[in-house]
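The structure appears right after this line, and notes come after that.
As the structure is a prediction and not an experimental result, all values here were calculated from the model. Just so it is clear: chains get the letters A, B, ... in the order the sequence lines come, proteins before strands, and each one is counted from 1.
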2 protein chains.
Amino acid sequence: MDGLNKQNENVTEQVILNAAREVFMEKGMDGARMQEIADKAGINKAMLHYYFRSKEKLFNKVFIEAFKEFWPQVEGAMTIETPYKAIESIVEAYIDTFIDKPFLPNFILAELHRTPDRFELLMKEIGINPKIIMTFLEKLMEEGHLKKTNSLNMIVNVISLCVFPFAARPLMMRLLMDNNEQIWDDFIQQRKETVMSVIKECYFMKA
Amino acid sequence: MDGLNKQNENVTEQVILNAAREVFMEKGMDGARMQEIADKAGINKAMLHYYFRSKEKLFNKVFIEAFKEFWPQVEGAMTIETPYKAIESIVEAYIDTFIDKPFLPNFILAELHRTPDRFELLMKEIGINPKIIMTFLEKLMEEGHLKKTNSLNMIVNVISLCVFPFAARPLMMRLLMDNNEQIWDDFIQQRKETVMSVIKECYFMKA
DNA sequence: ATATAGTTTAACCATTTGGTTAATTGCACA
DNA sequence: TGTGCAATTAACCAAATGGTTAAACTATAT
């Protein structure tokens, strides 16, 4: 029966993708080894090529998947009525994603830096366009909910505050937090508040 | 005469280091190829090993050099009398360094992520300890120049605002700035001011 | 001039790595 | 039960890569 085949295929395919995600996230494209992915998936290396043809194709799949999960959250946030809650949701989308996938920021930054042009293509392919966040912010300024400022600067600041601590986690842990996991956890638990208080102070109208 | 030999040695050594810096900065440890470094230096590949023994030793040299140049600027900034100027100088040290070495943030983040423990060792070896920035900020709070807040959050915020835009440059250029070099240059020219205005708003006492 | 010591190179080596192939297994179906 | 097709594997391959070596070159000191 065809249905069972399809199901088996999907199972193996998923096993491979899970292993590939782990390895690529941790080691990046250059550092990852097909053999390690196969080992982690518990299958023969030839299967990777049987299902995904090449390392690059497999990598792309993993890369695209990571964004497909994340971006809708940001888009969703912008439909929220209250301006404050909307921006809070964007911040939350970023931070919760990275709590769940700690390697994602480094993974993206490395790939971004490795092949920027291919990155741009993939973004367009998936339909990610951060400019809509910018226009969203500009709308909120027009409507008088936010102070009128340079929206490019504002969005860069917000994203910087959300993403960078995760990207620099090993540094912060070792040089600022005495390698103490608890301090990191507390820091991250507060992070949404911390970022929002900066945004409030700098960009929202004083009540 | 020994002097001439030493000079020649130094010349070749520097040629190698310059080439190695370029390649490692752009491709990272995993992506860099010894042959490419040799080609860029215009010498035989064996020379790399003659002078630096191994890829890792060469990489370490490049890595350490990058910090040795940068960190004293930050330390120097903290000796400045006026609190505002002191913090401005720290921000300036970061941003000017990255204007000069655009690949440095990605280079550091990648290495940080690749071998965090070795990174920590190198930092201690060079004598870099960002905690002194934290205690410096705390002193300014005690003295009433800054609002009393969590110094860890403050330093992370400041560094995030300074570093992240450079690390994410390829993304920002392509998705927010229409690949327009001029927009990027303007953005970076304003960056010191932008960051300082956030710091002023959030952390300095209102005049 | 020649010995000596450091410098540089071409050729080579062992290992790793992404990818292929041909044979084997397992399973639906007739 | 046997046929056919997809899934899976072991063995293999060519290219790339970090590293080595032995010979050649250069310049200096005697």
Handout entry: B:I155 vs B:V158 side-chain heavy atoms within contact, under 4.5 Å
Key = no
Handout entry: Exercise: do B:Q35 and B:D39 side chains pair donor with acceptor under 3.5 Å
Key = yes
Practice task
Please tell me which of the listed nucleotides, C:dA10, C:dT7, C:dG18, lies nearest to the side chain of B:N44?
Solution key: C:dA10
Completion exercise
Ranking D:dG19, C:dG19, D:dT9 by distance to the side chain of A:A46, first place goes to D:dT9
Problem - Distance test, side-chain N/O of B:R33 to OP1/OP2 of D:dA16, below 4.0 Å - result: no
Practice task
Side chain of B:K45 only, please: which of D:dG19, C:dT8, C:dT20 is the nearest?
Solution key: D:dG19
Handout entry: Given C:dT9, C:dG18, D:dT20, the nucleotide with the shortest approach to the side chain of B:M47
Key = C:dT9
Problem - Residue pair A:F24, A:F63: steps toward the ring pair (Phe, Tyr, Trp, His ring centres under 6.0 Å) verdict - result: CA-CA 9 Å; A:F24 278 132; A:F63 192 76; over 10 Å; no
Exercise for the section: Please check the phosphate of C:dT8 (OP1 and OP2 only) for any side-chain N or O of B:Y51 closer than 4.0 Å. Expected result: yes
Practice task
Could you check whether B:A38 gets within reach of a base, just the sugar-phosphate, or nothing at all, counting any heavy atom under 4.0 Å?
Solution key: nothing
Problem - Donor-acceptor pair between A:T115 and A:E111 side chains, under 3.5 angstrom - result: yes
Exercise for the section: Tell me whether the OP1 or OP2 atom of D:dT8 has a side-chain N or O from A:T12 closer than 4.0 Å. Expected result: yes
